[in-house]
There are 2 protein chains.
Amino acid sequence: MGVKRPTSFDIAALAGVSQATVSRALSHSPAVSEEVRKRVFEAAQQLNYTVDVNARKLRSKKINTIAVLISEDLDQDNPINPFFVPLLGAILKYAGQRGYDVLTSLQQQSASWSNDYGFARRADGLILLGYKDYDDYVRKAEGLSDIGEPWVVWGLVQPGAGHSVGSDNAQGAYEAVSHLIRLGRRRIAFLGEASSSHPEFRDRYDGYARALRENGLSLDDDLLADCFISREDGAAAVARLMTRGAEFDAVFATADLPAIGAMQALQKQGRRVPQDVSVIGFDDLWAAACTTPALSTVRQDTTAAARALVDALDRMIANEPVEPVRVPTRLIIRESCGG
Amino acid sequence: MGVKRPTSFDIAALAGVSQATVSRALSHSPAVSEEVRKRVFEAAQQLNYTVDVNARKLRSKKINTIAVLISEDLDQDNPINPFFVPLLGAILKYAGQRGYDVLTSLQQQSASWSNDYGFARRADGLILLGYKDYDDYVRKAEGLSDIGEPWVVWGLVQPGAGHSVGSDNAQGAYEAVSHLIRLGRRRIAFLGEASSSHPEFRDRYDGYARALRENGLSLDDDLLADCFISREDGAAAVARLMTRGAEFDAVFATADLPAIGAMQALQKQGRRVPQDVSVIGFDDLWAAACTTPALSTVRQDTTAAARALVDALDRMIANEPVEPVRVPTRLIIRESCGG
DNA sequence: TTGTATGCGTTATCAG
DNA sequence: CTGATAACGCATACAA
């Protein structure tokens with residue numbers, strides 16, 4: 001408690017060198033003799049010294065901190081999109097390896113990305129997870145551009161926009177739906193927002209549509225059910241399909257949460273999964289393996305995503321050019337699609 | 001990019017006051033006239049000024065930052081204990097409300113809590129989530145005491161140890177097992193580590209034992225199956241019980257993850273849940289509502305937990321006395337226990 | 001209520 | 001390779 005922290009001057013005195021030399025030695029500057037470096041480290045250890053990061057950050061240009069801003073308010077049960085959880089974990093891990101501290105903040109979706117984290121020199125750059133729709137995204141992005149701090153956003157991948165990193169949504173959906181067709185399914189419902197205001201979901205819809213087309217199946221609007229990322233929405237969407245008398249033998253959902261809701265709704269209506277209806281989701285939440293039947297899904301690679309995000313941000317911080325990244329997905333076959 | 005950040009001197013010049021006055025005005029010091037405060041805020045807004053947090057942290061004693069250290073390596077599928085996720089979310093939210101920044105870090109369980117975060121004046125205090133066992137805990141705690149930085153740990157509640165905040169594990173378990181007995185279950189298996197090296201689980205075991213005792217049921221070692229917090233462990237534990245021919249009509253697991261694994265293993269062996277075997281878990285992960293049947297469980301109140309953790313830490317930082325906190329749990333009845 | 005002066009603990013720029 | 005010395009941007013004791 002009361003013990004005063006030692007400063008680099010204390011180390012200098014103990015090691016018999018100047019304070020400047022201590023600083024150099026501790027930051028592994030090449031311009032310091034092995035002999036002196038050793039003395040400094042020993043003194044530091046002896047006094048239990050560590051650098052005051054605040055002084056360092058004040059003085060140096062780079063701050064070695066990344067801020068992760070997560071938009072919350074997904075729904076009641078899931079204040080944050082569960083997919084973000086392993087993604088955040090991967091970011092924490094990889095950023096840590098790269099020597100970055102990570103500040104994490106939950107934000108109301110309505111809040112501006114730039115308000116809290118702009119300008120304060122808290123972080124060198126921002127990683128953004130989640131936005132409500134494309135308009136919301138654009139508005140927030142503009143706020144960020146104004147403050148000039150580097151940022152990357154997870155989700156949509158825009159050609160030419162280096163700050164965009166996302167899964168290969170179209171391809172992932174294409175593979176999932178192709179698999180369903182290969183299993184003999186012909187009437188495949190699509191659960192999700194296909195509107196252009198949700199580009200990621202739109203991409204998944206495009207993959208869905210392409211798979212149908214290439215297999216000579218026609219698109220049927222009766223099989224489209226709008227829903228957002230929640231179990232309740234998925235259940236409601238399936239209920240709507242059934243109420244309107246749509247016939248379907250498979251469901252492709254744009255996220256695992258609605259897929260799980262869909263399975264539960266189907267089972268409640270006495271339709272067996274996968275015998276009567278195949279179900280495939282998107283994300284591969286860990287809970288996907290806990291449902292009965294276990295959920296087949298399109299896995300998003302959170303490790304690769306985290307690397308891409310942090311690397312992109314790191315390059316932007318260093319003022320290097322950055323390309324948008326599209327992270328490959330992988331189809332995970334469990335029980336819910338039957339084979 | 002290249003635009004230089006304005007400093008408080010720039011604001012001072014624009015507002016026609018001294019830098020010190022700017023500082024006072026912006027930190028809402030009472031000793032500044034309304035008139036001047038207004039001018040300062042206008043100037044700040046005009047120049048898009050925000051305080052450099054690093055300079056502030058260097059200069060002032062308190063740095064308004066909390067570090068959350070999460071021990072990882074739970075198992076392959078779950079690099080971090082899923083229960084920590086909503087807890088972290090609640091901490092981020094509440095700490096944000098209280099004006100704290102939050103640094104989050106994943107650590108190998110083997111790592112020392114103090115190594116990275118001690119001394120560097122990154123944070124005013126530490127919140128610790130997860131430790132391997134009691135020995136591990138003690139070792140880490142000692143390291144922390146050495147550095148003298150305030151810390152609180154989630155988990156066990158030690159009388160007199162203000163840095164300990166946890167659920168009322170014994171009571172939660174007691175209520176769950178009592179409920180099973182009320183449903184007519186008589187042979188209730190306990191899944192978890194009951195050893196004294198895992199105090200939280202030991203408390204849950206004590207609650208289990210008390211419920212049996214008070215209802216005239218005897219403890220039977222045949223119904224105890226060691227397992228840690230993972231689906232695989234839960235499944236394996238049930239398999240062991242069955243292999244050794246133990247008869248049981250209910251399972252109480254010390255966490256949802258093994259409870260889910262147990263359900264899956266039971267179903268795979270053709271035993272119906274809840275008709276043949278009731279199952280209750282502990283935590284109330286969101287995934288508990290996604291299983292079939294939906295999992296009954298003892299909910300840990302992450303919101304209250306987060307408040308308790310942050311409040312305790314806040315008091316320690318302010319050098320005020322702190323009492324250990326035991327957060328109440330709530331039994332959530334779903335389908336897996338049948339009633 | 002406001003201004004002046006000082007220092008927080010580093011890193012960076014110069015000399016030597 | 002090392003040592004003075006000057007910032008970094010703010011908060012605060014003290015004086016007015």
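Owing to the predicted nature of the structure, the values given are computational and were not obtained by experimental measurement. Computed from heavy atoms alone, side chains included, the values below leave out hydrogens, waters and symmetry copies. Quick note on labels: first sequence line is chain A, next is B, and so on, each numbered from 1.
Taking the C1' atoms of five terminal pairs at each end of the helix from dT1(C)-dA16(D) to dG16(C)-dC1(D), the two resulting helix axes are inclined by 30°, rounded to 10°.
With sequence neighbours excluded, the residues satisfying side-chain hydrogen bond (donor to acceptor under 3.5 Å, both in side chains) with Ser18(A) are Thr21(A). Asp314(B) meets the side-chain hydrogen bond (donor to acceptor under 3.5 Å, both in side chains) test with Arg98(B), Tyr100(B); sequence neighbours excluded. Phe41(A) meets the ring pair (Phe, Tyr, Trp, His ring centres under 6.0 Å) test with His28(A); sequence neighbours excluded.
Comparing Thr21(B) and Ser18(A) against DNA chain D, the residue whose closest nucleotide sits nearer the 5' end is Ser18(A).
On the nucleic acid side, DNA chain D has its first and last nucleotide under 4.0 Å of a heavy atom of chain B at dG9(D) to dA13(D), going 5' to 3'.
Distances shorter than 4.0 Å separate some side-chain N or O of Ser33(B) from OP1 or OP2 on dT2(C).
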Per-nucleotide protein contact string for nucleotides 6-14 of chain C (B base, S sugar-phosphate only, - none; heavy atom under 4.0 Å) | -BBBBBBB-
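Checking side-chain atoms of Asn54(A) against main-chain N and O of Arg121(B) turns up a donor-acceptor pair under 3.5 Å.
Proximity of Leu88(A) to Leu88(B): side-chain heavy atoms (C-beta onward) are separated by under 4.5 Å at one or more points. Under the 4.5 Å side-chain criterion, counting only non-hydrogen atoms from C-beta, Leu309(B) is not in contact with Tyr94(B). Side-chain atoms of Leu87(A) and Ile91(A), non-hydrogen and from C-beta on, do get closer than 4.5 Å to each other.
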Is there a salt bridge (Lys or Arg N to Asp or Glu O under 4.0 Å) between Arg39(B) and Glu35(B) once you walk through the steps?
-> CA-CA 7 Å; Arg39(B) 283 220 309 279; Glu35(B) 148 76 21; 2.7 Å; yes
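When all heavy atoms of Asp124(B) and Lys61(B) are compared, the pair lying nearest together is OD1-O, 4.4 Å.
Expressed to the nearest 0.5 Å, how far CG of Leu26(B) lies from CD1 of Ile11(B) amounts to 7.5 Å.
Within the 4.0 angstrom heavy-atom criterion, only backbone atoms of the sugar-phosphate kind lie near Val17(B); the bases stay farther away.
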